[in-house]
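Report on one structure; see the data block that follows.
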Amino acid sequence: MQTNLPLNTIAIVGNGLHAWTIAACLARKLQKAPTDIVVITDPNAVPDSIGESTLPAINYFHRILGLNERQLVAVTKGTYKLATEYTPIDTAYQNDKHLARNSFFHAMSPYGAAFDNIAFQHHVTKAHLAGVAIDLNRFSLPAMAAQQGKFGIPSCDELDVPFSYALHVDTKRYAAGMQDFAYKLGVKHVEGSITATQLSYPNIEEDTSQFIQSITINKNQTFSADLFIDCSADGRLIHQALGINYQHFDTLLPCDHSVQFSTQRPHDPRATTQIKPHSAGYWRSFPLQDRGVCEYHYSGDYLTHEKVLGILNLGKEESKSATHQQHKPRQINTFWSANCVAMGSAAGELGRNAVSNFHLVQSAVLRLVDLLPDNTLNRNAECPSRDEYNHLCEEEYARILDYHCAYFALLAKHDSLSNLPFWQQQQSTEWPDSLTHKMTLFKHTGRLPFYERETFSEKTWLSLFLGLGLWPMQYDRLLDVGQRSINDSLVACEKFGASIQRMCSDMPSHYMFLQRYCGAK
Amino acid sequence: MQDNSIKSIVIVGGGTAGWMTAAALANLLKDTKITLIESDQIGTVGVGEATLPHLRFFIQRLGIDEHAFMRATNATYKMGIEFINWGEIGDAYIHPFGDFGHPIKGIDFHHYYVKLHQQGLNKPIGQYSLPVMASKAKKFAYPSTDEKSILSTYSYAFHMDAGLFSNFLRDYSETRGVTRFEGMVTRVNQCNESGFIKSVTLNDETEFDADFFIDCSGFKGLLIEQCLKTGYDDWRHWLPCDRAIAIPTQATSAPLPYTKATARNAGWQWRIPLQNRVGNGHIYSSPYMNDDTALETLLANIDGKPISEPNFLRFTTGKRKKAWSKNCVAIGLSAGFLEPLESTSIHLIQLGIMKLLDFFPDRNCDEIRVNEYNRMMQLEFERLRDFLVLHYHATQRSDSAFWNYVRTMPLPAGLDHKIKLFKERGRVVQYSEGLFLKASWLAVYFGQGIIPTHYDWQLDTIPTEHIVKQLDDIESDINSAVHQMPSHADSIAQHCALAKSWRTPPPRASFSLYGG
């Protein structure tokens with residue numbers, strides 16, 4: 001009989017948030033297995049982000065780890081996230097204490113409901129085409145709560161409308177928490193720079209890819225492992241040692257620089273991540289309990305670093321926290337090659353406008369646990385689980401790339417941006433076929449095509465399109481059958497909106513919730 | 001704005017496809033003129049037909065009383081299909097409309113089963129499925145709506161007389177304004193510029209024009225192929241059966257609550273029990289078996305007296321390149337043919353109708369809409385095809401040239417990977433859009449001797465005695481639940497009895513194979 005033994009050793013090469021999140025999850029899932037987990041961090045690595053804005057999937061991730069959410073929010077000085085707040089262009093960033101009224105609050109759960117067996121978007125499209133102004137924020141409980149600065153977790157039985165939320169966390173505190181958690185579960189930690197890697201061929205077939213046998217740290221310490229996870233910033237193992245290349249998305253994802261800095265704590269923070277376009281990219285900001293986090297993403301083709309510093313005009317405290325980063329929009333060609341799995345920055349960079357690498361790392365490590373090989377990995381050229389892992393990652397990345405591109409594609413059509421050179425450039429970009437198909441089908445039919453492995457559900461895509469101004473030219477033909485009129489649709493929508501308003505009015509303010517349950521001062 | 005909405009639809013062809021389409025359109029498109037043209041000279045296959053649980057969803061959406069439907073079509077219940085002689089001669093397993101066991105500590109049931117199997121457990125995995133055990137005991141009851149109950153872990157469909165079903169839907173459609181014309185379409189007239197179909201002309205020279213046409217004319221594809229020439233993908237190199245003989249027989253015993261599919265030397269034989277008779281048929285591959293031998297084989301393996309002459313059929317397994325072209329959608333056999341090994345024929349009709357309504361066009365039939373419809377149908381067909389191919393390929397049979405071919409043939413892209421992934425450690429390739437999901441793949445893998453080399457080794461941290469106890473508990477829960485179920489025959493008699501007030505209403509249907 002063949003062996004069925006778990007891996008002896010997994011080595012994680014990388015730093016901070018990503019490395020410790022991966023380590024904690026593996027350690028938790030392999031708690032009872034005799035697998036050793038080692039994290040090898042590089043003291044010279046680039047520092048982490050200041051904060052992270054996450055997706056609802058993080059709640060599942062925390063459940064897997066067995067973490068108490070409110071305690072975690074308290075420890076990481078986090079806040080809640082009900083929606084992404086898409087704000088129109090505003091040149092005076094300092095003046096945004098009172099946000100424009102026409103912000104779109106994009107919640108991560110469906111808007112409206114099917115009335116009369118016909119999906120919500122057809123009812124609002126019918127009204128929109130007839131010239132009725134539609135305020136989408138009124139048809140989603142989390143969106144409306146976000147707009148009103150509220151937060152609460154409705155109890156299950158009273159809840160007949162969709163509701164989901166995510167978190168904003170302080171990166172350093174979160175990483176420290178994960179490190180602590182990993183230590184308690186027996187993860188080992190080694191510090192040092194990788195100075196050499198030793199490769200080998202598996203002993204069965206010759207014409208396969210090379211495996212990593214061991215790595216040398218600080219020129220004198222050698223570590224071998226059955227499986228290596230590379231989450232280093234530069235793809236130290238997957239790219240530099242194994243020679244796997246990247247495909248680049250420079251034209252699709254135009255922001256290749258960013259400045260991140262902390263700001264003063266907003267007085268009454270909303271449970272939102274705010275996204276706002278500027279002349280050569282976008283702002284992204286979100287609150288933590290003790291400060292705000294602000295990111296300025298831009299294209300190096302249109303702005304110099306000096307010019308950006310002039311625009312930002314940072315105060316003394318803000319400057320101290322500011323980090324400037326260069327990005328390479330790209331994706332690794334093989335996510336898992338031989339015995340090395342690339343995650344986080346080593347796997348690629350797709351920007352941060354909706355999904356950051358932090359989310360992709362959580363998703364990757366859970367996928368790896370699902371498809372974990374046994375300790376014969378190094379002796380077999382063939383590994384169907386590895387093929388499956390790669391296939392799933394490719395589909396996941398393609399869908400997220402579409403989603404990030406959609407932001408640029410849709411904003412470039414707005415009048416307020418259309419005469420800015422950066423945004424003009426986006427108008428002529430050739431977007432991925434899958435995204436073009438999605439937008440065209442939606443525009444023509446009010447429906448979305450089906451693709452497997454979406455990070456965002458069909459309904460989330462749909463509200464993104466509507467919220468950013470892509471309205472269908474036609475709605476479901478069945479909506480005109482019989483005696484149905486626009487008024488029927490409007491009455492149904494109004495009724496739904498009113499019930500959301502009622503639920504919303506009972507919710508406490510976001511900050512009050514944080515003070516009551518999550519240790520905010 | 002110009003009104004481009006579709007005002008009139010002509011359906012060419014009756015049968016199950018034509019009348020299901022007519023009924024669904026009549027129910028939803030209340031102000032559209034719907035005409036169906038069929039000819040009594042063209043017979044339909046009209047034997048027993050096995051369905052999938054999704055049909056209940058269709059019936060309920062149309063507002064049809066399930067019991068009235070059963071009475072009208074001599075229907076019986078179906079909880080799965082028994083496959084005999086597929087993995088090896090002498091093998092038998094049931095592919096049920098439900099799961100095996102339930103996940104324990106977040107790990108799928110089948111890993112526990114594999115572990116005990118490696119240690120010598122020789123029970124089939126079907127012992128841990130309620131619909132399998134109920135089928136074997138010839139029992140049937142409605143699934144429970146209580147999610148905690150083991151009686152909620154399955155779904156059900158019907159065996160029915162497809163000819164009677166068409167008649168039933170014809171009544172339904174005609175009371176809702178569908179006009180039926182008797183006649184043969186002899187000419188299809190296209191618009192010179194667009195190539196759109198303008199009208200069809202019958203043998204008596206009557207001409208019917210319409211904004212939209214639905215081709216339910218069967219294999220020949222009168223509109224979609226003979227007129228619009230969309231082309232056909234031939235899949236016989238993966239599914240080599242291309243002939244069938246059907247023959248109904250008298251029932252000699254109470255109906256079974258499942259379909260039987262028995263593998264033969266160059267194909268397989270179906271057995272579909274109705275209330276009053278049994279539908280039988282032999283599907284075979286003409287390069288490997290001639291018609292006479294096929295008929296002999298069939299006649300030697302039926303258990304009641306034939307009640308009509310054998311009906312010979314020919315087909316080419318495959319798919320129309322575009323089910324929707326210009327202003328014409330093909331629904332039913334005109335869109336493609338997959339052998340009824342997993343009872344998918346009516347399901348594909350239903351899916352074609354539902355997607356058409358989802359993407360219902362105006363008179364322009366813009367291409368983007370048409371392309372998405374075709375893309376979805378293509379995906380569905382290919383996934384069904386791969387699942388059917390698995391039944392032939394996953395075999396140790398080497399007793400005939402036919403089985404030697406299918407056992408060793410090159411597989412469609414992706415199927416080989418699916419099988420390897422399962423063999424490696426019991427992992428099933430998951431997708432969300434598709435008919436046959438994890439439970440079905442497990443049924444066929446285990447039923448036909450593809451057993452994973454390894455189980456999830458997280459199980460090695462659980463003492464074997466605990467696993468044995470868990471499995472024993474599931475088994476005894478199932479046995480006591482089955483024990484309390486009424487017999488299939490009693491359930492039919494009770495549900496089809498006329499006094500409505502005494503009948504239990506059937507549970508709500510969902511668009512899923514598995515229930516729960």
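Residue numbers begin at 1 in each chain, while the letters A, B, ... track the order of the sequences.
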Exercise for review: Would you mind reporting whether B:R61 and A:N117 have side-chain heavy atoms less than 4.5 Å apart?
Suggested key: yes
Revision key, fill the gap. Of the listed B:K420, B:K423, B:K30, the one with the largest count of heavy-atom pairs under 4.5 Å with chain A is B:K420
Point to revise | Residue B:K322 excluded, over 12 heavy atoms near NZ under 6.0 Å | key: no
**Study point:** chain B neighbours within residues 430-438 of chain A, where any heavy atom lies under 4.5 Å away
**Key:** A:H437
Review point. Can you check whether B:E424 reaches A:C383 side chain to side chain, under 4.5 Å on heavy atoms?
Key: yes
Check your understanding: In terms of heavy-atom proximity below 4.5 Å to chain A, should B:F422 be classed as side chain, backbone, both, or neither?
Key -> neither
Point to revise | Rounded distance (nearest 0.5 Å) linking atom OG1 of A:T35 with atom CH2 of B:W457 | key: 5.0 Å
Exercise for review: Would you please say whether a donor-acceptor pair under 3.5 Å links the side chains of A:S385 and B:R427?
Suggested key: yes
**Study point:** Test: A:R447 and B:E372 ion pair at under 4.0 Å
**Key:** no
Review point. Rounded to the nearest 0.5 Å, how far apart are CG of A:L441 and CG of B:N371?
Key: 9.5 Å
Check your understanding: Got a sec, which residues hit side-chain contact (heavy atoms from CB on, under 4.5 Å) with A:K413, two or more places apart in sequence or on another chain?
Key -> none
Review point. Which one of A:K29, A:H444, A:K443 has the most heavy-atom pairs closer than 4.5 Å to chain B?
Key: A:H444
Revision key, fill the gap. Closest non-hydrogen contact found for A:D480 with B:D31 is O-OD2, 4.2 Å
Review point. Would you say B:E367 has more than 12 foreign heavy atoms packed within less than 6.0 Å of its CD?
Key: no
Point to revise | Heavy-atom check, side chain of A:D374 versus side chain of B:R425, under 4.5 Å | key: yes
Check your understanding: Is chain B contacted by the side chain of A:L392, its backbone, both, or neither, given a heavy-atom distance below 4.5 Å?
Key -> neither
Check your understanding: Which heavy-atom pair separates A:E452 from B:Y431 by the least distance, and what is that distance?
Key -> OE2-CB, 3.0 Å
Revision key, fill the gap. Honestly, the part of A:D370 sitting under 4.5 Å from a heavy atom of chain B is backbone
Review point. With a 4.5 angstrom heavy-atom cut-off, which part of A:L478 approaches chain B: side chain, backbone, both or neither?
Key: side chain
Practice item. Step by step, work out the side chain to side chain contact (heavy atoms under 4.5 Å, CB included) result for B:H417 and A:H391. Key: CA-CA 11 Å; B:H417 167 68; A:H391 178 65; 5.8 Å; no
**Study point:** Pick from B:D358, B:L29, B:D460 with the largest number of heavy-atom pairs that fall under 4.5 Å of chain A
**Key:** B:D358
Check your understanding: More than 12 foreign heavy atoms under 6.0 Å from NZ of A:K32: is that the case here?
Key -> no
**Study point:** Minimum-distance pair of heavy atoms, taken over all atoms of B:F360 and A:R477
**Key:** CD2-CG, 3.7 Å
